Amino acid sequence: MPLDPNVAGLLAVMAQQGRPSFAELTPEQIRAGSAMTRALQKPPQPVASVTDAAYGQAPEQALRIVVPAGGSAPRPVVVHLHGGGFVTGDLDSIDEPSRALANDLGAVVVATTYRRAPESTFPAAHDDALTAVRWVAEHIADHGGDPRRIALLGDSAGGNLAASVAVRARDAGGPALRALALLYPLVAPLLDTASRREFAQSGYMIDGPAMEYFGRLYTPDPEQAGDPMIALDRTPSLAGLPPTLVVSNEYDMLRDEAEDFARALAAAGVDVTARRFEGLVHIVYWMSGAVPRQAEMHQAVLDFLGPRLA
């Protein structure tokens with residue numbers, strides 16, 4: 001399918017502005033550009049309440065608890081682990097999609113951030129993600145959430161974190177998770193797939209040099225990149241994970257590994273729903289205002305999580 005016209009128009013504007021690859025920027029410059037992401041989103045929806053909290057001592061060990069308008073407690077819970085290559089992304093980046101998800105799903109959505117590279121390297125983000133989910137399981141009842149109905153949502157690097165948390169929670173006997181939604185997830189840092197080669201120099205939001213740059217910042221020791229905690233393809237067993245949605249996008253370096261991971265989950269006996277969105281690119285879940293078809297992805301998340309959190 002041709003590139004979505006709204007995506008094509010956005011990429012053309014970015015090219016005219018001379019937007020460099022992330023690999024040409026410092027982490028501070030990349031993070032400063034997060035304001036552009038928010039400019040691509042719809043205005044945040046009003047909700048019943050928004051509460052910021054901490055699950056650790058570091059400033060990045062933070063949560064934003066979004067309680068939807070309407071409905072009554074106890075509500076199901078979705079923990080959203082944001083993407084950003086383990087280097088960028090924050091609570092503000094996913095505030096708008098978190099509010100929309102909370103209202104449309106009738107769930108408490110907990111947007112979660114974590115220590116980022118290069119200040120904190122592997123496994124800091126992975127350990128923080130698990131700690132955050134454990135905090136939610138212990139404290140979410142105080143905010144009207146049901147700790148027996150928790151799902152994880154992760155996009156890109158956040159998808160890697162969400163899947164890793166699900167594996168570690170399974171092995172530790174909890175917290176129990178109802179569902180897992182992975183949006184164009186990073187499956188492993190060092191994979192060699194056809195889509196990674198095809199789109200390595202594409203400029204479709206993420207490219208090969210940026211992938212390598214983010215990888216060096218978070219896993220400076222090459223052996224770390226092969227650890228099963230982050231290299232999900234090396235997980236000894238995927239059996240026993242919760243029902244999982246895996247979303248891939250046609251014009252995305254991570255397309256093939258996401259689809260391969262969905263097949264591996266299914267082979268392990270996991271209840272898997274795989275969706276490929278033709279014509280779309282990386283990061284589109286954060287682009288509700290610029291790419292109308294983001295609504296299709298949002299609806300796919302609703303359709304998947306709704307029955308499993310009922």
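On a predicted model such as this, the values are computed, not experimentally measured, just so you know.
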Could you work out, with ring-ring contact (aromatic ring centres under 6.0 Å, His included) as the rule, every residue matching H126, not counting sequence neighbours? F86, F122, Y218
Throw together a table of side-chain donor-acceptor distances under 3.5 angstrom for residues 185-193, partners on residues two or more places apart or in other chains.
| from | atom 1 | to | atom 2 | distance (Å) |
| --- | --- | --- | --- | --- |
| D192 | OD1 | R197 | NH1 | 2.7 |
| D192 | OD2 | R197 | NH1 | 3.3 |
| T193 | OG1 | S195 | OG | 3.4 |
| T193 | OG1 | R196 | N | 3.2 |

Residues in side chain to side chain donor-acceptor pair (under 3.5 Å) contact with R308, at least two apart in sequence or another chain: none
Hey, quick one: are V13 and L3 part of the same hydrophobic cluster, counting side-chain heavy atoms closer than 4.5 Å, chains of contacts allowed? no
With sequence neighbours left out, the residues meeting ring-ring contact (aromatic ring centres under 6.0 Å, His included) with Y204 are F199, Y251
Quick one: are L217 and R116 in side-chain contact, heavy atoms under 4.5 Å? no
Can a donor-acceptor pair be found, under 3.5 Å and without considering hydrogens, that links the side chain of R170 to the backbone of V165? no
Let me see the working for H298 and S288 under side-chain hydrogen bond (donor to acceptor under 3.5 Å, both in side chains), right down to the final yes or no. CA-CA 9 Å; H298 176 68; S288 58; over 6 Å; no
Do D90 and T113 have side-chain N/O donor and acceptor atoms under 3.5 Å apart? no
For a side-chain contact (heavy atoms from CB on, under 4.5 Å) check, start with the C-alpha distance between L245 and L180, then their side-chain angles and the critical distance, and finish with the verdict. CA-CA 6 Å; L245 169 69; L180 185 61; over 6 Å; no
Under 3.5 Å, is there a donor-acceptor pair between the side chain of D155 and the main chain of L183? no
Given the rule in the side-chain contact (heavy atoms from CB on, under 4.5 Å) test, do V78 and L152 qualify, once you have shown the distances and angles that lead to the verdict? CA-CA 6 Å; V78 179; L152 303 186; over 6 Å; no
Determine, stepwise, if the pair L182 / F261 fulfils side-chain contact (heavy atoms from CB on, under 4.5 Å). CA-CA 10 Å; L182 309 177; F261 190 59; 3.8 Å; yes
State whether the side chain of Y114 and the backbone N or O of H82 hold a donor-acceptor pair below 3.5 Å, judged by distance alone. yes
Heavy-atom distance under 4.5 Å between the side chains of P68 and R75, does that happen here? yes
Going by salt bridge (Lys or Arg N to Asp or Glu O under 4.0 Å), name the pairs with one or both residues in residues 19-29, residues two or more places apart or in two chains. none
Show the nearest heavy-atom pair for residues R99 and P46, with the distance to one decimal. NH1-CA, 4.3 Å
Stepwise side-chain contact (heavy atoms from CB on, under 4.5 Å) check, L153 with L101: CA-CA 11 Å; L153 167 66; L101 183 62; 3.8 Å; yes
Kindly indicate whether the side chain of P27, heavy atoms from C-beta on, has any atom under 4.5 Å from the side chain of P118. yes
With a 4.5 Å limit on heavy-atom distance, are the side chains of R275 and V246 in contact? no
To the nearest 0.5 Å, how far apart are CD in Q294 and CD1 in I283? 13.0 Å
Which donor-acceptor pairs under 3.5 Å do side chains of residues 35-45 form with protein atoms, sequence neighbours excluded?
| from | atom 1 | to | atom 2 | distance (Å) |
| --- | --- | --- | --- | --- |
| Q41 | NE2 | S93 | O | 2.9 |
| Q41 | NE2 | W286 | O | 3.2 |
| Q45 | OE1 | N103 | ND2 | 2.8 |

Scanning both residues in full, the closest heavy-atom pair of A53 with I65 reads CB-CD1, 4.4 Å
Determine yes or no for a side-chain-to-main-chain donor-acceptor pair under 3.5 angstrom, with T112 supplying the side chain and V110 the backbone. yes
Ion pair check, R168 and D171, cut-off under 4.0 Å: no
Tell me if the centroids of the rings in F22 and Y213 come within less than 6.0 Å of each other. no
Considering all heavy atoms of both residues, which atom of V272 and which atom of A266 are nearest to each other, and what is their separation? CG2-N, 3.7 Å
Any chance you could lay out the salt bridge (Lys or Arg N to Asp or Glu O under 4.0 Å) test for D252 and R255, step after step, and finish with the verdict? CA-CA 5 Å; D252 185 357; R255 181 195 67 204; over 6 Å; no
Please report the interatomic distance CG(L254) to CG(N160), rounded to the nearest 0.5 Å. 10.0 Å
What about V108 and L91, same hydrophobic cluster or not, with Ile/Leu/Val/Met/Phe/Trp/Tyr joined at side-chain heavy-atom distances under 4.5 Å? no
Any chance you could measure D104, atom CG, to L305, atom CG, to the nearest 0.5 Å? 12.0 Å
Okay, side chain of S98, backbone of I94: is any donor-acceptor separation there less than 3.5 Å? yes
Closest non-hydrogen atom pair, A23 against A210: CB-N, 3.9 Å
According to side chain to side chain donor-acceptor pair (under 3.5 Å), who are the partners of Q61, at least two apart in sequence or on a separate chain? D128
Could you state the interatomic distance from CG (D260) to CG (D256), rounded to the nearest 0.5 Å? 6.0 Å
D52: partners by side chain to side chain donor-acceptor pair (under 3.5 Å), with sequence neighbours left out: R64
For the hydrophobic clusters of this structure (ILVMFWY residues joined by side-chain heavy atoms under 4.5 Å, transitively), does one cluster hold both I206 and L25? yes
How would you list, by chain and number, every residue that makes a ring-ring contact (aromatic ring centres under 6.0 Å, His included) with H80, sequence neighbours excluded? none
Between Q224 (side chain) and D221 (backbone), is there a donor-acceptor pair under 3.5 Å? yes
Sequence neighbours left out, cut at 3.5 Å: what donor-acceptor pairs do the side chains of residues 131-142 make with other protein atoms?
| from | atom 1 | to | atom 2 | distance (Å) |
| --- | --- | --- | --- | --- |
| T131 | OG1 | D127 | O | 3.0 |

Can you tell me how far apart OG (S21) and CE (M205) are? Round to the nearest 0.5 Å. 11.5 Å
Which residue pairs satisfy the side chain to side chain donor-acceptor pair (under 3.5 Å) criterion with at least one member in residues 241-250, sequence neighbours excluded? S248-E259
Give every donor-acceptor pair under 3.5 Å between a side-chain atom in residues 228-240 and any protein atom, sequence neighbours left out.
| from | atom 1 | to | atom 2 | distance (Å) |
| --- | --- | --- | --- | --- |
| R234 | NH1 | G226 | O | 3.3 |
| T235 | OG1 | L232 | O | 2.8 |
| S237 | OG | A239 | N | 3.2 |

Taking all heavy atoms of P97 and all of Y285, pick out the closest pair and write down the distance. CB-CE2, 3.8 Å
Report yes or no: does R178 contribute a side-chain atom to a donor-acceptor pair with the main-chain N or O of V77 at less than 3.5 Å? no
Are E296 and R293 ion-paired here, with the side-chain N under 4.0 Å from a carboxylate O? yes
